[in-house]
There are 2 protein chains.
Amino acid sequence: MSTKNKILDAADVLFADKGFNGTSLREITSQANVNLAAVNYHFGSKKELIKAVMSRYMDELSPQLESSLLLICQADVKPSLHDVFSAFIAPLLNLNEFKVNGTSTFLQLLGRGYTDSQGFLRWFLTTQYPNVFTHFTKAVKIAYPELSTEEMFWRLHFTMGTIVFTMSSSEALIDIAENDFDNKLDIAGVIERVIPYVAAGVAAPIIKI
Amino acid sequence: MSTKNKILDAADVLFADKGFNGTSLREITSQANVNLAAVNYHFGSKKELIKAVMSRYMDELSPQLESSLLLICQADVKPSLHDVFSAFIAPLLNLNEFKVNGTSTFLQLLGRGYTDSQGFLRWFLTTQYPNVFTHFTKAVKIAYPELSTEEMFWRLHFTMGTIVFTMSSSEALIDIAENDFDNKLDIAGVIERVIPYVAAGVAAPIIKI
DNA sequence: AACTAATTTAAACGCACGTTTAAAATAACG
DNA sequence: CGTTATTTTAAACGTGCGTTTAAATTAGTT
């Protein structure tokens, strides 16, 4: 395997686990069994490495996500919100074939990116992969046309928060649930449980001010 | 004002804004106009300062929260989930009288505590302030008795994620919403919008496996 | 084989961090 | 007032960080 990929494979696991600020290049390079200077040689800087880690996942995910959402939009029967959110399942779980534990690693990275580094990753995602967002809001608009754009804005951000936060700490939550309820969930099980929740949240009756 | 309080007042704003790891003691002490060594003299270490910052808020909040939730549990009419979550509003907004921008600062701190520092703050809160959690789950159980303990566990963590993540980035979201929709929300406005969302999420139909 | 380009390596750089020290300044008190 | 305790101060300590350097090694090309 190339040095570049060895670095990426070590970096995304460590980034997901300990955050971008919380992971040093020395940890990454020693985990990857490459020289410390290799990161700056191949990627230029730590910031560019972070971008490369995210891009590797997003380049795999976003085409699948776009076509999955497009299919929902073009269906003959009006989709429910549950249908819209379910459109994320297959593309997300496919990341597990792209890389071992790819799904949970990516979702954890997403969570880190939103809270670490003061929103620079949010800018990166929305500017580099805008189609995912437009297709998604279009699909939600079809499923729940009464929802105003502003209310949709807020509820989609609430949803993002639910997903991202849950997945950031999914390993800990899965462990707790196993201990307390003797029910060992995997990442697909967590996704199955969160979708009714967010679908119901977005579908909540419209508030009056 | 005492040096100790000057430090706490500077620290909580900076911690909320840039995270625990992202804020240095030099930033805090220069913002507070005190000597660098004052933190270690008065608090012992940075970790203890973080605990003190959180304790100051929790000691103010948790009694109000407990009695507010207890009131819900002991009411004659069965409360709705919306009622349960609304029990948080007054205690949270009262933090604004405790300190300027206290509500949003505290909620941002909560979000930081969950994602920074690998869950040590979660341990701190659940062990130091367990009554808040038990009263809350009791209230939810009354409002939605059909929900199994395990499903409640998951949905409450989804809810925690929604709140914490939203409030971590509430300032940015409020700015975006103002630009895009000419509608300037304050923190109370965000809370008003998130409660129907989380109440509907927790109230979602029970999934079958 | 000889030369060039790409990569890897070990070492060091400068910087910012949390913490500690010991002296100076202030407060408390008999 | 004099003495003791408390607090503040400036300076330094050791550590770990991202990055850079220049030499050593490897790969590619003619």
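The chains referred to below are lettered A, B, ... by the order of the sequence lines, with proteins before strands, and numbering in each begins at 1.
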Sequence-distant partners of A/Phe98, ring-ring contact (aromatic ring centres under 6.0 Å, His included), two or more places apart
A/Tyr57

Could you work out, with salt bridge (Lys or Arg N to Asp or Glu O under 4.0 Å) as the rule, every residue matching A/Lys6, not counting sequence neighbours?
none

Does a side-chain heavy-atom distance below 4.5 Å link A/Thr103 with A/Leu107?
yes

d(CD1, A/Ile7; P, C/dT9) in whole Å
11 Å

Does the ring centre of A/Phe158 sit less than 6.0 Å away from the ring centre of B/Phe165?
no

Assess the side chains of A/Thr159 and B/Tyr197: does a donor N or O sit below 3.5 Å from an acceptor N or O?
yes

Qualifying residues under ring-ring contact (aromatic ring centres under 6.0 Å, His included), relative to A/Tyr129, sequence neighbours excluded
none

Can you tell me if the side-chain N/O atoms of A/His42 get under 4.0 Å from OP1 or OP2 in C/dA6?
no

Through what angle, rounded to 10 degrees, does the axis of the helix from C/dA1-D/dT30 to C/dG30-D/dC1 turn between its ends, using five pairs per end?
0°

Just wondering, are more than 12 heavy atoms of other shown residues or ligands nearer than 6.0 Å to CD in B/Glu66?
yes

Atom NZ of A/Lys18 to atom C1' of D/dG16: distance rounded to whole Å?
13 Å

B/Thr3 side-chain N/O to D/dT8 phosphate OP1/OP2 under 4.0 Å:
yes

How would you summarise protein contacts on nucleotides 15-21 of chain C per nucleotide, using B for base, S for sugar-phosphate only and - for none, with heavy-atom distances below 4.0 Å?
--BBBBB

Kindly list each side-chain donor-acceptor pair under 3.5 angstrom involving residues 37-46 of chain B, sequence neighbours excluded, with atom names and distances?
{"residue": "B/Ser45", "atom": "OG", "partner": "B/Glu48", "partner atom": "N", "Å": "3.3"}
{"residue": "B/Lys46", "atom": "NZ", "partner": "B/Phe20", "partner atom": "O", "Å": "3.0"}
{"residue": "B/Lys46", "atom": "NZ", "partner": "B/Thr23", "partner atom": "O", "Å": "2.7"}

